[in-house]
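Below, read A as the first sequence line, B as the second, and so on, with proteins coming before strands; counting in each chain starts at 1.
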Amino acid sequence: MAKGLPKRAENYSEWYNEIVKRADLAENSAVRGCMVIKPYGFAIWEKMQRALDDMFKATGHVNAYFPLFVPKSFLEKEEQHAEGFAKECAVVTHYRLKANPNGGLMVDPRARLEEELIIRPTSETVIWNTYKNWIQSWRDLPLLINQWCNVVRWEMRTRLFLRTTEFLWQEGHTAHATEQEAIEETERMLDVYATFAEEWMGVPVLRGLKSPNERFAGAIETYCIEALMQDGKALQAGTSHFLGQNFAKSFDVKFVNKENVQEYAWATSWGVSTRLMGALIMAHSDDQGLVLPPKLAPIQVVIIPIYKTLEELAVISERVNPLFEELKAAGISVKYDDADNQRSGWKFAEYELKGVPIRLGLGSRDLEAGTIEVARRDTLSKESQPIAGIVEHVKALLDEIQANIYQKALAFREENTFLVDTWDEFKAQIERGGFVMAHWDGTAETEEKIKEETKATIRCIPLISTMEAGKCIYSGAESSKRVVFAKAY
RNA sequence: CGGGACGUAGCGCAGUCUGGUAGCGCGUUCGCUUGGGGUGCGAGAGGUCGCAAGUUCAAAUCUUGUCGUCCCGACCA
């Protein structure tokens with residue numbers, strides 16, 4: 001039992017913060033709005049990175065790296081983009097400090113930059129300024145590049161992993177010869193994200209389009225994946241943008257096509273961030289702490305000896321060591337915690353808090369009986385298993401846990417998705433939480449009003465949905481399909 | 001930038017209204033105990049009560065100022 005962990009149902013955000021802290025994932029830094037990702041949390045992020053990166057490579061992308069600083073003049077070039085990001089930029093205005101007469105340091109007023117540098121909130125502008133030199137001919141296309149980096153957005157209110165001033169992410173930026181090809185790329189990468197969320201994180205997601213209001217600044221169309229958290233709020237887990245020729249025009253990126261005609265390149269960009277860590281935590285965890293899907297767990301199996309004396313421990317270790325090697329050889333990430341500084345009960349609670357999918361307990365009783373205790377984190381159940389064949393059992397169990405976590409989250413989402421047709425019902429359901437599928441007249445005004453009155457936003461216009469005539473929940477105007485409303489993080 | 005709270009031991013807090021010996025829980029140290037779910041008992045260490053000024057015989061407590069932190073809203077992946 002985790003001591004002193006707040007109950008999920010009682011205070012969701014406190015519960016979330018405590019899990020992040022107690023599972024040793026991250027903490028607030030003394031630096032405003034920034035986060036320190038601790039080694040255990042970072043190990044999870046690294047696993048995510050690796051899996052995503054493999055998926056990017058498999059779809060033909062390569063990695064590169066572009067500068068942290070964006071000259072203000074770059075940011076200005078695409079008007080919508082500039083307007084969207086202007087309010088949340090960190091700006092470098094000077095390049096030198098000097099000794100302050102009253103002690104300490106001060107900004108040297110003589111070292112003012114001629115042109116201010118923005119710390120990238122996203123890299124479309126720097127990258128398209130570079131692409132200008134890289135793209136001349138149709139032979140240079142498509143250009144399929146990704147970068148892993150940090151970005152800064154000066155948010156008013158921050159929350160560990162979900163919204164921090166600086167965050168880690170990947171941003172893919174591609175250039176194509178045709179509109180069709182760029183749209184295909186946008187959709188392909190949304191698919192990669194959805195597959196990753198569902199198959200690796202065990203988080204079911206809705207694939208959809210953003211309404212114009214929620215669109216990325218500078219995009220023609222924003223595709224997104226939306227996940228439902230256990231408190232009934234939605235989380236945007238990833239976005240893929242079709243940028244049309246907006247950036248190519250702003251940065252004058254033209255190529256000569258096969259017909260020997262100059263054309264602007266077509267663009268996409270797509271990204272996921274450390275916010276996925278937040279999604280992972282919120283989607284599965286319970287009152288005992290973090291629950292990790294086996295595919296992303298830094299430790300998949302922990303072995304805990306149960307003993308009285310050190311002599312007894314030595315005997316147990318003798319049995320555990322070959323088992324440990326066997327598990328490792330089977331490609332399982334395993335830890336044997338034989339440290340004598342904590343009691344076994346304490347260790348049980350500790351690894352539960354950290355979300356380790358499987359715990360194996362081995363004591364003298366087991367040695368005699370030839371058994372081992374197998375406890376699974378997702379169901380909190382435990383059973384005694386014959387130690388012979390335990391490696392195969394563990395392998396199968398890891399797969400089962402991975403599947404079960406996903407199924408559980410999927411069932412939760414289904415139970416919390418509602419079709420609603422009247423305004424009163426809508427308001428009441430939004431208050432209770434969940435995805436609310438309702439008709440919308442397609443106007444920004446209505447969307448705004450709904451947001452003002454209920455705090456709900458259109459999370460997405462689902463890609464897969466049946467056409468269905470209906471009346472807008474708010475204005476009563478005609479609508480041809482339902483969209484997904486929810487309160488969001 | 002608007003609204004609201006809070007600064008007391010490493011951490012979490014009570015005490016403040018009604019001024020009078022500085023408290024509790026967790027952690028930590030030591031001893032014994034226990035060992036298949038954060039063992040139990042005992043003993044110890046640890047604080048100029050955010051800072052400054054004022055009122056008073058006496059201030060954690062009242063007054064004024066100041067610094068800092070957190071929460072709610074506007075902004076957002």
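- Atom pair A/Glu27:CD and B/C11:P shows a separation of 13 Å (rounding to whole Å applied).
- The number of heavy-atom neighbours closer than 6.0 Å to CD of A/Glu453, taken from other residues, nucleotides and ligands shown, is above 12.
- Contacts of A/Glu155 with the nucleic acid, taken as non-hydrogen atoms under 4.0 Å apart, include base atoms.
- In this structure B/A9 sits in no base pair that meets the Watson-Crick or G-U test at under 3.5 Å.
- What separates CG of A/Asn213 from P of B/C75 is a distance of 12 Å, to the nearest Å.
- By the 6.0 Å and 45° rule, A/Lys449 does not stack over the aromatic ring of A/Tyr474.
- Mapping A/Asn28 and A/Thr239 onto RNA chain B by nearest heavy atom places A/Asn28 at the nucleotide closer to the 5' end.
- Among the atoms of the strands shown, base atoms are found under 4.0 Å from some heavy atom of A/Glu373.
- The distance between atom CD of A/Glu452 and atom P of B/G73, rounded to the nearest whole Å, is 16 Å.
- Distance, A/Lys455 NZ to B/A74 C1': 11 Å, rounded to whole Å.
- In this pair, A/Phe242 and A/Trp266 present their aromatic rings parallel. The plane angle is below 30°, not in the 30 to 60° band.
- Applying the Watson-Crick and G-U wobble criteria (two distances, each under 3.5 Å), B/C30 pairs with B/G42.
- Of the candidate nucleotides B/G36, B/C75, B/G37, B/C75 has the atom lying nearest to any side-chain atom of A/Met156.
- At a threshold of 4.0 angstrom between heavy atoms, the contacts of A/Ser364 include nucleobase atoms, whether or not backbone atoms are also involved.
- Computed from coordinates, the A/Lys21 NZ to B/G10 P distance equals 16 Å when rounded to whole Å.
- Using the six-membered ring where Trp is involved, A/Trp200 and A/Phe196 have ring planes that are parallel, under 30° apart on the 30 and 60° scheme.
- Nucleotides B/U18 and B/G12, compared at atom C1', are 27 Å apart to the nearest Å.
- Looking at heavy-atom distances under 4.0 Å, A/Leu235 makes no contact with the nucleic acid at all.
- Of the side-chain N and O atoms in A/Arg343, none sit less than 4.0 angstrom from OP1 or OP2 of B/G35.
- The A/Lys87 side chain lies nearest to B/C75 when the options are B/G36, B/C75, B/G73.
- Residue contacts shown for A/Ser13 are absent, as no nucleic acid heavy atom lies under 4.0 Å away.
- Under 3.5 Å, the side chain of A/Lys382 and the base of B/G37 form at least one donor-acceptor pair of N or O atoms.
- Under 3.5 Å, the side chains of A/Asp53 and A/Trp148 contain a donor-acceptor pair of N or O atoms.
- Residue A/Arg359 is the one, among A/Arg359 and A/Ser273, whose nearest nucleotide of RNA chain B lies closer to the 5' end (criterion: closest heavy atom).
- As judged by a 4.0 angstrom heavy-atom cut-off over every strand, A/Phe167 is placed among the base-contacting residues.
- As a whole-Å value, the separation of A/Asn341 CG from B/U29 C1' is 16 Å.
- B/A59 sits 34 Å from B/A43 when the C1' atoms are compared, rounded to a whole Å.
- Counting any heavy atom pair closer than 4.0 Å across all strands shown, A/Leu313 reaches no nucleic acid atom.
- Of the P atoms belonging to B/G25 and B/A9, the separation is 16 Å, rounded to the nearest Å.
- For B/G2, the paired base is B/C72 (Watson-Crick or G-U wobble, both distances below 3.5 Å).
- Across the protein-nucleic acid pair, A/Arg159 atom CZ and B/C71 atom P stand 10 Å apart, rounded to whole Å.
- Separation of the C1' atoms belonging to B/G47 and B/G10 is 12 Å when rounded to the nearest angstrom.
- The distance between the ring centers of A/His81 and A/Phe247 falls below 6.0 angstrom.
- At whole-Å resolution of the value, NZ in A/Lys451 and C1' in B/C75 are 9 Å apart.
- Under the 3.5 Å distance criterion, with hydrogens and angles disregarded, a donor-acceptor pair is assigned to the side chains of A/Thr457 and A/Arg459.
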